[in-house]
Student: 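My questions all concern the structure below.
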Number of protein chains: 2
Amino acid sequence: MARPDPHPAPENVSDAPLRALVGYQMKRAFNVIQADLTRTLDPFGLRMLTYSALALIVENPGLRPSQLAHALAVERANVVVYVDQLEEAGWVTRTPALGDRRAYALQCTLAGRRLYERAQKVVHAHDTRMLNGLSEDETATIRKALAQMEQQT
Amino acid sequence: MARPDPHPAPENVSDAPLRALVGYQMKRAFNVIQADLTRTLDPFGLRMLTYSALALIVENPGLRPSQLAHALAVERANVVVYVDQLEEAGWVTRTPALGDRRAYALQCTLAGRRLYERAQKVVHAHDTRMLNGLSEDETATIRKALAQMEQQT
DNA sequence: TATTGTTATACTCTATAACTATA
DNA sequence: TATAGTTATAGAGTATAACAATA
């Protein structure tokens, strides 16, 4: 007579111990947001990082790549790639910085500025959609908490 | 006579338009948390994903890889790699599932369970540290918001 | 036909190390 | 010596496509 399966597949998978971790919830939420934002920006030829880099260059003409790296909280080496892509697409220019021949001044082109303005609309709409159903107080709390987590070493 | 630099480096880089996006704040906070958790788990030979996979296997003996993929919200193909790593380290076993010769039942070993219990402590401490200074109400709000963002398509 | 586990692959994000030109 | 930009590289996360075995 056959004995019952010693390892039956669980019918209800419990992830309670993981769900208890805010860090785990953050990861899951962020993955969904990231994927959604990637789809949102794809028609513009941008990704979250190239959009962010473009935004900073539009807002801060003459920005140096090292400043951009610091503002984005990534290594300088990675910024090179983002700027390469933005430059190849004709949205950003590198011009030699006066007064320091090692450095470059980043500027957006007219096409770059216009692209940013169009993309900004959909990004903000995406962000609003993400917060759909949350009160202003709740949103403020989230902003505060995220800012604090970022500081927390 | 030299004209002034037409592209001086901005003295204060403005990232206000990006900071206005909760998605951007999420990304920054998550990067910090992720890096910190990676360092926390490194001494155990685990990463966030292998820790999560191990947790689910410990809590749900007999779990199928496809169930694990669903629970982790990743593709089945990626789960293969996590289970490979956990199996090679001797923390998890794959045994043929009775009743479906395509499937496997995942089980943790005694070493796997003990590792999980030790790692769980530091992970929970990490999570608590991350929320340091936030009230219970605020934490509850964040949990609610994150859960909702994850649902938001 | 559909599903399970798997392999192979590609793209992205991130970091580190080392190089060059310049400061 | 130190810094700015760069190149090369490696590890990790994620997704898609396609396959064999089985349902």
Side-chain angles (χ1 to χ4, degrees), chain A residues 7 9 23-24 26-39 41-42 45-53 57 62-87 92-106, chain B residues 7 9 23-24 26-39 41-42 45-53 62-70 72-87 92-106:
Chain A
H7 309 313
Y24 182 76
M26 282 268 304
K27 176 189 162 48
R28 305 210 26 144
F30 179 66
N31 282 358
V32 171
I33 291 165
Q34 169 88 311
D36 199 43
L37 188 54
T38 298
R39 279 190 297 273
L41 282 172
D42 191 57
L46 291 168
R47 308 186 310 279
M48 193 169 184
L49 271 163
T50 48
Y51 172 84
S52 302
I57 294 168
L63 194 70
R64 302 295 143 90
S66 56
Q67 291 180 307
L68 181 53
H70 183 259
L72 290 173
V74 298
E75 293 301 313
R76 279 172 306 158
N78 299 315
V79 159
V80 175
V81 181
Y82 313 150
V83 175
D84 280 350
Q85 292 170 358
L86 294 171
E87 193 181 37
V92 154
T93 59
R94 277 187 251 233
T95 60
L98 301 184
D100 187 340
R101 294 193 343 219
R102 296 171 303 183
Y104 287 93
L106 301 173
Chain B
H7 308 313
Y24 182 76
M26 283 267 305
K27 176 191 162 46
R28 303 205 35 140
F30 178 67
N31 282 357
V32 171
I33 291 164
Q34 168 86 315
D36 199 43
L37 189 53
T38 299
R39 279 190 296 274
L41 282 172
D42 191 57
L46 292 168
R47 308 186 312 278
M48 193 169 185
L49 270 162
T50 48
Y51 172 83
S52 302
L63 193 69
R64 303 293 144 90
S66 56
Q67 291 180 307
L68 181 52
H70 183 259
L72 290 173
V74 297
E75 293 301 313
R76 279 172 306 159
N78 299 316
V79 159
V80 176
V81 181
Y82 314 149
V83 175
D84 280 350
Q85 292 170 359
L86 293 171
E87 193 181 38
V92 154
T93 59
R94 277 186 251 233
T95 60
L98 300 185
D100 186 341
R101 294 192 343 216
R102 297 170 303 181
Y104 287 94
L106 301 172

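Just so we're clear, the structure is a prediction, and the values are computed from it rather than from any experiment. Chain A is the first sequence line, chain B the second, and so forth, proteins listed ahead of strands; every chain is numbered from 1.
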Student: Quick test of your reading: applying side chain to side chain donor-acceptor pair (under 3.5 Å), list the pairs with at least one residue in residues 65-84 of chain A, sequence neighbours left out, ordered by first then second residue.
Tutor: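 Pairs touching residues 65-84 of chain A that pass the test: A:D84-A:R94.
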
Student: Ignoring the backbone of A:A77, work out which of D:dA4, D:dT7, C:dT14 is nearest its side chain.
Tutor: D:dT7

Student: For C:dT14, take OP1 and OP2 only and decide whether either is under 4.0 Å from a side-chain N or O of B:K27.
Tutor: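 Result: yes.
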
Student: If you round to the nearest 0.5 Å, how far is CG of A:L46 from CG of A:L37?
Tutor: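 The CG atom of A:L37 sits 10.0 Å away from the CG atom of A:L46.
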
Student: For the pair made of CG in B:L98 and C1' in D:dA23, what is the distance, rounded to whole Å?
Tutor: 16 Å

Student: So, is B:T38 close to the D:dA12 phosphate, meaning a side-chain N or O under 4.0 Å from OP1 or OP2?
Tutor: no

Student: Want to settle it: does A:D100 or A:T50 sit nearer the 5' end of DNA chain C, counting the closest nucleotide to each?
Tutor: A:T50

Student: Once you round it to whole Å, what is the distance between C1' of D:dA23 and CZ of B:R101?
Tutor: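 From B:R101 CZ to D:dA23 C1': 10 Å.
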
Student: Answer yes or no: is there an ion pair linking B:D36 with B:R39, defined by an N-O contact shorter than 4.0 Å?
Tutor: yes

Student: Among D:dG13, C:dT14, C:dC13, which nucleotide has an atom closest to any side-chain atom of A:Q34?
Tutor: C:dC13

Student: For A:D36 and D:dA15, what is the distance between atoms CG and C1' respectively, to the nearest whole Å?
Tutor: 16 Å

Student: Please compare B:N31 and B:V83 by the position of their nearest nucleotide in DNA chain C and report the one closer to 5'.
Tutor: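 Taking each residue's closest nucleotide, the earlier one in sequence belongs to B:V83.
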
Student: Rounded to whole angstrom units, what separation is found between the CZ atom of B:R64 and the P atom of C:dT6?
Tutor: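 Between P of C:dT6 and CZ of B:R64: 13 Å.
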
Student: Counting heavy atoms from C-beta on, name the nucleotide in D:dA23, D:dT14, D:dT6 closest to the side chain of B:R102.
Tutor: D:dA23

Student: When you measure from the side-chain N and O atoms of A:R47 to the phosphate of C:dC13, is any distance below 4.0 Å, counting only OP1 and OP2?
Tutor: yes

Student: Can you tell me which nucleotide in C:dC13, D:dG5, D:dA15 comes closest to the side chain of A:Y104?
Tutor: D:dG5

Student: Could you tell me the separation between the CG atom of B:L49 and the P atom of D:dG11, rounded to a whole number of Å?
Tutor: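 Rounded to the whole Å, the gap is 17 Å.
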
Student: Run through A:V80, A:L106, A:V74 and flag the one making a side chain to side chain contact (heavy atoms under 4.5 Å, CB included) with A:L68.
Tutor: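 Among A:V80, A:L106, A:V74, the one that satisfies the side chain to side chain contact (heavy atoms under 4.5 Å, CB included) with A:L68 is A:L106.
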
Student: Using atom CG of B:N78 as one end and atom C1' of D:dA12 as the other, report the distance to the nearest whole Å.
Tutor: 11 Å

Student: Of the nucleotides D:dG13, D:dG5, C:dT14, which has the atom closest to the A:Y82 side chain?
Tutor: C:dT14

Student: Can you measure B:E75 atom CD to C:dC11 atom P for me and round it to whole angstrom units?
Tutor: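 Nearest whole value for this atom pair: 18 Å.
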
Student: Ignoring backbone atoms, test whether B:R76 places a side-chain nitrogen or oxygen under 4.0 Å from the OP1 or OP2 oxygen of D:dA17.
Tutor: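 Answer no for this pair, as no side-chain N or O of B:R76 is under 4.0 Å from OP1 or OP2.
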
Student: NE2 of A:H70 versus P of C:dT14: gap in Å, rounded?
Tutor: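 One finds 16 Å between P of C:dT14 and NE2 of A:H70, rounded.
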
Student: Within the side chain of A:R64, is there an N or O that forms a donor-acceptor pair under 3.5 Å with the backbone of A:G62?
Tutor: yes

Student: Between D:dA15, D:dG5, D:dT6, spot the one nearest the side chain of A:A103, thanks.
Tutor: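 Looking only at side-chain atoms, A:A103 lies closest to D:dG5.
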
